[in-house]
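Report on the structure given below.
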Amino acid sequence: MRVILLGPQGAGKGTQAQQLAEQTGAKHVSTGDLVRAEIKEGTELGRKIQEYNDRGELVPDEIIVEMARPHLEGDGWLLDGFPRNEAQARTLDEGLSEMGQRLDGVVALEAPDDELVERLSGRRTSQSTGRIYHVEHDPPPENGPDEGPFIQREDDAEEAIRNRLDIYHEQTEPLKEYYDEQGLLVTVDATRSIPEVTEEVLRALGHAAGAGDQKGES
Ligand code: AMP
């Protein structure tokens, strides 16, 4: 399965991609994770892209395309955070047709900006396990030396969040129309619980969750 997860920051693309990867065996490819790994390694490229990341700006297309390319060659993937604008979408289309592959679907996760800001500004990540918490809804364990320290991403600071959402609305959201015209788009309400959203995504993509056919009343 080759699927793009589209949606604003904080809509849960990464969380959903992890769930879907477990359930379908497709590989989770997050360009944001690739960017953060490069920065953490302190490579020359990492230093170059850090300022974009920390300000919540997009890394230049040529760089991100080169970073993503080797990860797109496998059998199946769930793309999280790529493409982010029409130029990247066109580059992806071209790359896929060169490889003789095609997209199976594009899932747009939708949630209002106010909720996204609230989710992102409270987000904390365990430095050792990568597990994500929320200061109010899922607080990091106190005195938990196994998982701490709990870090706030540079780009989860208020100003960077607003910047990222503005860029999303300007540059990424128009991709919904781009993929809708190709008959690939499905939209899912991302304000519901994590398992409900996963189930809805699988249903929308036509992969029934679980083989057991539980016929309900409805
Ligand atoms: P994310 O975790 O997806 O929010 O990505 C974190 C940061 O990585 C973004 O704010 C950008 O600086 C960079 N980045 C990730 N994916 C892309 C992309 N497709 N195009 C440009 N920059 C990206």
Side-chain angles (χ1 to χ4, degrees), residues 2-18 21 27-74 77-99 101 103 106 109 113 116-117 119-132 148-175 178-179:
R2 292 190 182 84
V3 168
I4 294 172
L5 289 172
L6 209 64
Q9 294 73 12
K13 295 189 297 297
T15 307
Q16 290 302 327
Q18 275 168 13
K27 188 172 60 161
H28 173 197
V29 177
S30 156
T31 46
D33 285 350
L34 296 176
V35 163
R36 284 183 289 278
E38 199 72 41
I39 292 171
K40 201 171 166 193
E41 274 186 40
T43 59
E44 199 184 326
L45 177 61
R47 282 195 294 279
K48 199 161 155 188
I49 59 184
Q50 178 156 23
E51 54 187 291
Y52 296 101
N53 175 81
D54 291 359
R55 284 200 300 258
E57 287 170 12
L58 295 188
V59 168
D61 290 344
E62 321 78 74
I63 297 180
I64 206 82
V65 166
E66 279 314 303
M67 290 176 74
R69 196 186 297 274
H71 299 272
L72 301 179
E73 278 158 13
W77 32 250
L78 296 145
L79 266 184
D80 158 12
F82 185 90
R84 284 273 232 280
N85 57 32
E86 195 173 319
Q88 293 180 11
R90 291 193 186 281
T91 305
L92 178 64
D93 280 350
E94 285 161 20
L96 287 173
S97 75
E98 276 165 24
M99 291 189 265
Q101 298 176 355
L103 280 173
V106 177
L109 298 176
D113 278 9
L116 299 168
V117 172
R119 285 185 186 184
L120 291 169
S121 52
R123 180 159 76 173
R124 299 291 182 274
T125 309
S126 157
Q127 197 173 40
S128 51
T129 65
R131 206 197 132 176
I132 294 168
F150 300 95
I151 309 287
Q152 181 173 36
R153 276 171 50 170
E154 287 292 338
D155 59 346
D156 279 346
E158 180 91 22
E159 205 183 315
I161 292 174
R162 295 276 170 205
N163 200 10
R164 289 157 72 205
L165 288 176
D166 285 349
I167 293 174
Y168 173 77
H169 291 305
E170 270 166 38
Q171 299 191 34
T172 313
E173 204 163 21
L175 293 182
Y178 178 89
Y179 288 117

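Numbers here simply count residues along the sequence, with the first being 1.
A salt bridge between Arg162 and Glu158 is present, with a side-chain N of the basic residue lying under 4.0 Å from a carboxylate O of the acidic one. Salt-bridge annotation for Arg36 and Asp33: present, with a side-chain N of the basic residue lying under 4.0 Å from a carboxylate O of the acidic one.
Atoms CD and CD, from Glu154 and Gln152 in turn, are 8.5 Å apart once rounded to the nearest 0.5 Å. For the atom pair CZ (Phe82) and NE2 (His71), the distance works out to 11.5 Å, reported to the nearest 0.5 Å. Atom CG of residue Leu120 and atom CD of residue Gln9 lie 7.0 Å apart, to the nearest 0.5 angstrom. Distance CD/Glu66 to CG/Leu34: 12.5 Å, rounded to 0.5 Å. The distance from atom CG of Leu58 to atom OG1 of Thr31, rounded to the nearest 0.5 Å, is 9.5 Å.
Side-chain contact between Asp156 and Ser121: absent, with no pair of heavy atoms (C-beta onward) separated by less than 4.5 Å. In this structure, the side chains of Arg153 and Arg123 come closer than 4.5 Å at one or more pairs of heavy atoms. In this structure, Leu116 and Leu165 have side chains that are in contact, with non-hydrogen atoms separated by less than 4.5 Å. Side-chain atoms of Asp80 and Val29, non-hydrogen and from C-beta on, never get closer than 4.5 Å to each other. Between Glu86 and Tyr178, some side-chain heavy-atom pair lies under the 4.5 Å cut-off. In this structure, the side chains of Thr91 and Asp61 stay at 4.5 Å or more apart for every pair of heavy atoms. The shortest side-chain heavy-atom distance between Arg124 and Ile151 does not fall under the 4.5 Å cut-off. A 4.5 Å side-chain heavy-atom check between Leu92 and Leu79 finds at least one atom pair inside the cut-off.
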Lys27 vs Leu78, test: side-chain contact (heavy atoms from CB on, under 4.5 Å). Steps then yes/no.
CA-CA 6 Å; Lys27 188 172 60 161; Leu78 296 145; over 6 Å; no
Verify side-chain contact (heavy atoms from CB on, under 4.5 Å) between Ile64 and Val35, making sure each step is shown before the conclusion.
CA-CA 8 Å; Ile64 206 82; Val35 163; 3.6 Å; yes
Please step through side-chain contact (heavy atoms from CB on, under 4.5 Å) for the pair Trp77 and Val3, ending with a clear verdict.
CA-CA 6 Å; Trp77 32 250; Val3 168; 6.0 Å; no
With side-chain contact (heavy atoms from CB on, under 4.5 Å) as the criterion, how do Asn85 and Thr172 come out once you've worked through the C-alpha distance, each side chain's angles and the decisive distance to 0.1 Å?
CA-CA 5 Å; Asn85 57 32; Thr172 313; 5.8 Å; no
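The heavy-atom pair separating Leu109 from Gln16 by the smallest distance is CD1-CG, 4.1 Å. Closest non-hydrogen pair, Glu57 versus Ile167, comes out as CA-CD1, 3.9 Å. Across all non-hydrogen atoms, the minimal contact from Pro174 to His169 is CD-O, 3.7 Å. Residues Ala89 and Pro83 come closest through the heavy atom pair N-CB, 3.5 Å. Of all the heavy atoms in Leu72 and Gln101, the pair that sits closest is O-OE1, 3.8 Å.
No hydrogens or angles considered: nothing links the side chains of Asp113 and Tyr168 as a donor-acceptor pair under 3.5 Å.
Annotation: salt bridge (charged side-chain N to carboxylate O under 4.0 Å, His left out) contacts involving residues 3-18, sequence neighbours excluded, are absent.
Listed for the Ser97 side chain is a donor-acceptor partner under 3.5 Å among the backbone atoms of Glu94. A donor-acceptor distance shorter than 3.5 angstrom exists from the side chain of Arg119 to the backbone of Gly10, with no hydrogens or angles considered. Without hydrogens or angle criteria, Thr125 side chain to Gln127 main chain gives no donor-acceptor distance under 3.5 Å.
In this view, Ala160 and Asp155 satisfy the side-chain contact (heavy atoms from CB on, under 4.5 Å) rule, not counting sequence neighbours. Every residue meeting the side-chain contact (heavy atoms from CB on, under 4.5 Å) condition with Glu44, not counting sequence neighbours, appears here in chain and number order: Arg47. In this view, Ile63 and Leu45, Lys48, Ile49, Val59, Pro60, Met67 satisfy the side-chain contact (heavy atoms from CB on, under 4.5 Å) rule, not counting sequence neighbours. By the salt bridge (Lys or Arg N to Asp or Glu O under 4.0 Å) test, Glu51 pairs with Arg55, sequence neighbours left out. Taking Arg2 as the reference, nothing meets the salt bridge (Lys or Arg N to Asp or Glu O under 4.0 Å) condition, with sequence neighbours excluded.
Remark: Tyr52 OH is loosely packed, at most 12 non-hydrogen atoms of other residues, nucleotides or ligands lying under 6.0 Å away.
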